[in-house]
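Worksheet: one structure, shown below.
Only heavy atoms go into these numbers, but all of them, side chains included; no hydrogens, no water, no symmetry mates.
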Amino acid sequence: KKKKYSAEAVVSTQSTGNLQATYQGYGIVNSANVFKVCDEPHPLLIKDMIKHCISEDIDEAYKILHSLWKMGYSPEDIINNVRKVCQNFDMPEYKKLLFLKEVGYTHLRITQGVNSLLQLSGMLARLCRVSAAKKMTQ
């Protein structure tokens with residue numbers, strides 16, 4: 001229990017610090033400013049990218065990924081947010097599990113040092129393939 005409470009205290013302290021930094025830097029706390037301070041890809045961009053993968057539109061999904069890459073986000077930040085958004089995305093459970101499996105494999109490769117745009121692009125292609133395969137079997 002002590003670990004849980006201390007972990008919650010750390011998260012709470014960090015969140016409070018982020019909100020204070022947002023207010024000091026921008027004068028107003030809103031989601032856009034908080035994401036600027038936290039320096040993470042915006043979940044709505046990630047959500048759109050996943051939607052394009054579900055509809056098998058690799059070109060549009062890649063445009064979003066490439067723009068995140070050009071904004072300077074690290075592969076770790078991108079893959080962590082893809083995982084978070086994917087876990088809460090409204091899609092059939094079997095497809096969500098297959099998506100999370102591909103995201104997990106990509107995360108593993110990134111943590112092993114293969115952290116390139118090509119690795120993330122390959123993940124998008126595999127997510128599109130999962131969507132295509134599920135349509136064919138239905």
Side-chain angles (χ1 to χ4, degrees):
K1 285 186 176 182
K2 286 183 181 180
K3 287 181 182 179
K4 180 182 176 189
Y5 291 126
S6 63
E8 287 174 357
V10 169
V11 169
S12 178
T13 304
Q14 185 178 16
S15 298
T16 303
N18 288 341
L19 291 174
Q20 287 175 333
T22 302
Y23 181 77
Q24 291 298 319
Y26 296 98
I28 187 168
V29 176
N30 60 28
S31 66
N33 291 343
V34 169
F35 280 103
K36 289 177 191 174
V37 168
C38 294
D39 198 32
E40 287 188 2
H42 200 288
L44 292 178
L45 289 173
I46 301 292
K47 188 175 183 177
D48 286 343
M49 187 171 72
I50 292 172
K51 282 181 186 176
H52 291 304
C53 289
I54 289 171
S55 64
E56 303 169 44
D57 190 353
I58 185 80
D59 295 327
E60 290 301 314
Y62 181 77
K63 285 179 187 176
I64 295 171
L65 174 63
H66 192 257
S67 71
L68 293 172
W69 187 267
K70 287 291 186 183
M71 286 185 232
Y73 290 114
S74 71
E76 290 83 2
D77 287 340
I78 294 170
I79 196 71
N80 281 330
N81 278 357
V82 169
R83 179 188 48 79
K84 289 177 197 174
V85 170
C86 206
Q87 286 174 331
N88 298 310
F89 200 90
D90 185 27
M91 68 172 101
E93 197 65 26
Y94 68 90
K95 187 179 283 192
K96 184 183 292 189
L97 291 172
L98 292 173
F99 269 48
L100 288 170
K101 177 181 164 185
E102 292 300 338
V103 171
Y105 285 145
T106 304
H107 194 179
L108 177 65
R109 290 183 197 106
I110 287 171
T111 58
Q112 291 174 335
V114 189
N115 53 356
S116 66
L117 179 59
L118 182 61
Q119 192 64 243
L120 291 167
S121 302
M123 176 193 70
L124 293 181
R126 289 187 299 277
L127 294 178
C128 288
R129 185 177 62 198
V130 163
S131 289
K134 283 298 155 190
K135 282 184 181 175
M136 294 172 84
T137 60
Q138 291 177 348

* **Least distance between heavy atoms, P75 atom then W69 atom** => CG-CZ3, 3.5 Å
* Judged by atom type as modelled, is there a donor-acceptor pair below 3.5 Å linking the side chain of N88 to the main-chain atoms of K84? -> yes
* Say whether, by atom type as modelled, one donor and one acceptor occur between the side chain of K96 and the main chain of F89 under 3.5 angstrom. => yes
* Asked: Roughly how far, to the nearest 0.5 Å, is CD of Q119 from CD of Q112?
  -> 9.5 Å
* Asked: So I79 and M123, side-chain contact (heavy atoms from CB on, under 4.5 Å) or not? Walk me through it.
  -> CA-CA 10 Å; I79 196 71; M123 176 193 70; 3.4 Å; yes
* Between CD1 on residue I50 and CG on residue D90, distance to nearest 0.5 Å -> 12.0 Å
* **Closest non-hydrogen atom pair, C128 against H52** => SG-O, 4.5 Å
* **Y62: ring pair (Phe, Tyr, Trp, His ring centres under 6.0 Å) partners, not counting sequence neighbours** => H66
* Structure fact -> Rounded to the nearest 0.5 angstrom, the CG-NZ distance for L127 and K95 is 10.5 Å
* Asked: At what distance, to the nearest 0.5 angstrom, does OG of S121 lie from CD1 of I58?
  -> 7.5 Å
* **Minimum heavy-atom distance between L124 and C53, given as atom pair plus value** => CD2-SG, 3.6 Å
* Asked: Is any side-chain heavy atom of T106 closer than 4.5 Å to a side-chain heavy atom of R109?
  -> yes
* To do: Working to the nearest 0.5 Å, report the span between NE2 of H42 and CD1 of I64.
  => 13.0 Å
* Looking only at atom types and distance, does a side-chain atom of N81 sit under 3.5 Å from a main-chain N or O of P43, one as donor and one as acceptor? -> no
* Asked: Hey, quick one: are V82 and Y105 part of the same hydrophobic cluster, counting side-chain heavy atoms closer than 4.5 Å, chains of contacts allowed?
  -> no
* By side-chain contact (heavy atoms from CB on, under 4.5 Å), which residues pair with K63, not counting sequence neighbours? -> E60
* Non-hydrogen atoms of M49 and A61 that approach each other most closely -> CG-O, 3.6 Å
* To do: Apply the side-chain contact (heavy atoms from CB on, under 4.5 Å) test between I78 and each candidate in I110, N115, L65, L117; give the one that qualifies.
  => L65
* Asked: Once you round to the nearest 0.5 Å, how far does OH of Y73 lie from CG of L45?
  -> 8.0 Å
* Would you mind reporting whether M91 and C86 have side-chain heavy atoms less than 4.5 Å apart? => yes
